[in-house]
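Before any comments, here is the structure.
Residues: numbered from 1 along the sequence shown. In this text, all values refer to a predicted model and were calculated from it rather than measured experimentally.
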Amino acid sequence: MIYLADTANIEELKELFNYLPIEGVTTNPTIVKNSGKTLSKIIPEIQQYIGDKMLHVQVISQTAEEMIKEAKIYRDYFDMKSNYFVKIPVTKEGFKAIKMAKDADMKVTATAIFTQQQAMFAANAGADYVAPYVNRLDNIVSHGIDVVSDIVKTFQINNSKCQVLAASFKNLDQVYRVSMVGCQAMTASHEVLMSIVNHPMTDKSVLDFESDSEGVYDINLTQQ
Ligand code: E4P
């Protein structure tokens, strides 16, 4: 399973991309709003940090034709290459737009997925990724991980090329459980991703090793 950053905060992206094996960035209108910058300002800043890693940008138009027009405008405006994925919500118009995007040779992440059947439709329409929302499902007393697991199994049974990009996480337990059901990718906030790194037992072990090394690690590390 690969990890993506679900944030457009540049300070957070700097830390994540400098230190961790992060394969791309996912955005949506809320994430752009929370960055405190407009889309035209924030996307070029993100591009500087991620190079040719994946960049998922969501469209806001309501009709399929407008969604595709919007996706193409972003592609040209930001000079995006093959790492660009247009995020299309799975409304009725969205399913049509997914088919149109594939005909236009654009990569698609079908987003706002809450059921296995939405994922099937999106995959059959040609989506490269489907993004089921784990925490939002958990919040409505549904079972986010079970939905992801069903989607993964369905794609395997059908030999689908579509991959599962699990999204919407609030804690590490959700991340752990989603990683065990075979989904290919996940995207999470800086806070959730950093909670994978920060572990008090690791910190304590490192402190103990450091103290035990005194007087016995005698090779001069300042030599060239
Ligand atoms: C990603 O595709 C989604 O837009 C995002 O992960 C939703 O996460 P949230 O439920 O934390 O807002």
Side-chain angles (χ1 to χ4, degrees), residues 1-60 71 74-75 78-89 106-113 127-139 144-145 148 151-152 162-199 202:
M1 184 177 80
I2 60 169
Y3 296 79
L4 286 85
D6 206 23
T7 175
N9 178 303
I10 294 301
E11 290 309 310
E12 292 180 352
L13 289 175
K14 258 189 219 175
E15 182 174 34
L16 292 172
F17 278 87
N18 274 335
Y19 289 94
L20 301 176
I22 304 295
E23 303 302 331
V25 172
T26 52
T27 64
N28 64 34
T30 311
I31 287 169
V32 172
K33 184 179 176 186
N34 290 343
S35 77
K37 296 179 182 168
T38 62
L39 192 69
S40 71
K41 297 277 182 302
I42 201 65
I43 294 295
E45 288 189 37
I46 295 172
Q47 286 173 309
Q48 281 186 0
Y49 282 99
I50 67 170
D52 59 3
K53 292 186 171 172
M54 288 190 275
L55 178 54
H56 300 241
V57 181
Q58 192 160 327
V59 290
I60 53 164
Y74 295 160
R75 181 189 61 192
F78 298 116
D79 192 23
M80 292 198 274
K81 313 286 183 210
S82 62
N83 62 336
Y84 169 47
F85 288 74
V86 51
K87 277 178 78 181
I88 301 178
M106 302 181 84
K107 291 184 186 161
V108 175
T109 296
T111 196
I113 300 256
D128 298 276
Y129 280 110
V130 291
Y133 284 11
V134 173
N135 190 60
R136 292 193 196 199
L137 277 160
D138 289 351
N139 282 347
I145 307 298
V148 175
I151 295 170
V152 169
C162 186
Q163 301 195 73
V164 183
L165 168 57
S168 181
F169 292 95
K170 282 296 165 281
N171 60 59
L172 202 45
D173 182 58
Q174 291 168 328
V175 177
Y176 157 67
R177 289 187 293 126
V178 88
S179 75
M180 296 300 290
V181 300
C183 77
Q184 291 83 8
M186 66 81 75
T187 185
S189 67
H190 173 269
E191 184 187 358
V192 169
L193 292 171
M194 288 310 292
S195 71
I196 299 173
V197 177
N198 298 323
H199 197 293
T202 301

Any residue meeting side-chain hydrogen bond (donor to acceptor under 3.5 Å, both in side chains) with N198, in chain and number order, not counting sequence neighbours
none
Correct closest heavy-atom pair for V32 and T38 would be CG1-C, 4.2 Å
Which heavy atom of P44 sits nearest to which heavy atom of F78, and what is that distance?
CD-CE2, 3.8 Å
Check whether N28 reaches the backbone of Q58 with its side chain - one donor and one acceptor, N or O, closer than 3.5 Å.
no
Give a yes or no on whether L20 atom CG has more than 12 heavy-atom contacts from other residues, nucleotides or ligands under 6.0 Å away.
yes
If a pair satisfies salt bridge (Lys or Arg N to Asp or Glu O under 4.0 Å) and one of its residues is in residues 29-41, list it, with sequence neighbours excluded.
K37-E45
If the condition is ring pair (Phe, Tyr, Trp, His ring centres under 6.0 Å), which residues does Y3 pass it with, not counting sequence neighbours?
none
If every non-hydrogen atom of F17 is compared with every non-hydrogen atom of G24, which pair is closest and at what distance?
CZ-O, 3.7 Å
Could you state the interatomic distance from CD (Q47) to NZ (K81), rounded to the nearest 0.5 Å?
9.5 Å
Check against side-chain contact (heavy atoms from CB on, under 4.5 Å), I43 and V57:
CA-CA 9 Å; I43 294 295; V57 181; 3.8 Å; yes
Separation of E23 CD from K53 NZ (nearest 0.5 Å):
5.0 Å
Keeping the roles fixed (side chain from Y84, backbone from M54), state whether a donor-acceptor pair exists under 3.5 Å.
no
Exactly one of L13, I50, L16, I2 should register a side chain to side chain contact (heavy atoms under 4.5 Å, CB included) with I22. Which one does?
L16
For N9, what residues pass the side-chain hydrogen bond (donor to acceptor under 3.5 Å, both in side chains) criterion, not counting sequence neighbours?
none
Looking at V86 and A71, what are the two nearest heavy atoms and their distance?
CG2-CB, 3.6 Å
What pairs with F169 under ring pair (Phe, Tyr, Trp, His ring centres under 6.0 Å), at least two apart in sequence or on another chain?
none
Which residues pass the side-chain hydrogen bond (donor to acceptor under 3.5 Å, both in side chains) test with Q174, sequence neighbours left out?
N135, D138
Nearest heavy-atom pair of A127 and C162: which atoms, and what distance?
O-SG, 3.3 Å
Can you name the closest pair of heavy atoms from A8 and S35 and give their distance?
O-CB, 3.5 Å
Counting distance only, does the side-chain N/O of K87 pair as donor-acceptor with the main-chain N or O of V59 below 3.5 Å?
no
For the backbone of S82 and the side chain of K107, can you confirm whether one donor and one acceptor N or O come within less than 3.5 Å of each other?
yes
L55 vs I46, test: side-chain contact (heavy atoms from CB on, under 4.5 Å). Steps then yes/no.
CA-CA 9 Å; L55 178 54; I46 295 172; 4.0 Å; yes
Run the numbers on Y133 and T111 for side chain to side chain donor-acceptor pair (under 3.5 Å), then give the verdict.
CA-CA 8 Å; Y133 284 11; T111 196; 2.8 Å; yes
Please confirm whether the backbone N or O of R136 pairs with a side-chain atom of S168, one donor and one acceptor, at under 3.5 Å?
yes
Between V130 and I151, is there a side-chain heavy-atom distance shorter than 4.5 Å?
yes
Mind checking salt bridge (Lys or Arg N to Asp or Glu O under 4.0 Å) for D52 and listing every partner two or more places apart, or none if nothing turns up?
none
Side-chain donor/acceptor pairs under 3.5 Å, residues 187-194, sequence neighbours excluded:
unit_1: T187; atom_1: OG1; unit_2: L4; atom_2: O; d: 3.4
unit_1: T187; atom_1: OG1; unit_2: D6; atom_2: N; d: 3.3
unit_1: T187; atom_1: OG1; unit_2: T26; atom_2: OG1; d: 2.6
unit_1: S189; atom_1: OG; unit_2: V192; atom_2: N; d: 3.2
unit_1: H190; atom_1: NE2; unit_2: E15; atom_2: OE1; d: 2.6

I'd like to know whether L165 forms a side-chain contact (heavy atoms from CB on, under 4.5 Å) with T109, so could you lay out the CA-CA distance, the side-chain angles of the two residues, the decisive distance to 0.1 Å, and finally the verdict.
CA-CA 8 Å; L165 168 57; T109 296; 4.1 Å; yes
Euclidean distance, I10 CD1 relative to Y49 OH, rounded to 0.5 Å
6.5 Å
What distance separates D128 CG from H56 NE2, expressed to the nearest 0.5 Å?
9.0 Å
Kindly list each side-chain donor-acceptor pair under 3.5 angstrom involving residues 176-185, sequence neighbours excluded, with atom names and distances?
unit_1: R177; atom_1: NE; unit_2: D173; atom_2: OD2; d: 2.9
unit_1: S179; atom_1: OG; unit_2: Y176; atom_2: O; d: 2.7
unit_1: Q184; atom_1: OE1; unit_2: V164; atom_2: N; d: 2.8

Set of side-chain hydrogen bond (donor to acceptor under 3.5 Å, both in side chains) partners for Q48, sequence neighbours left out
none
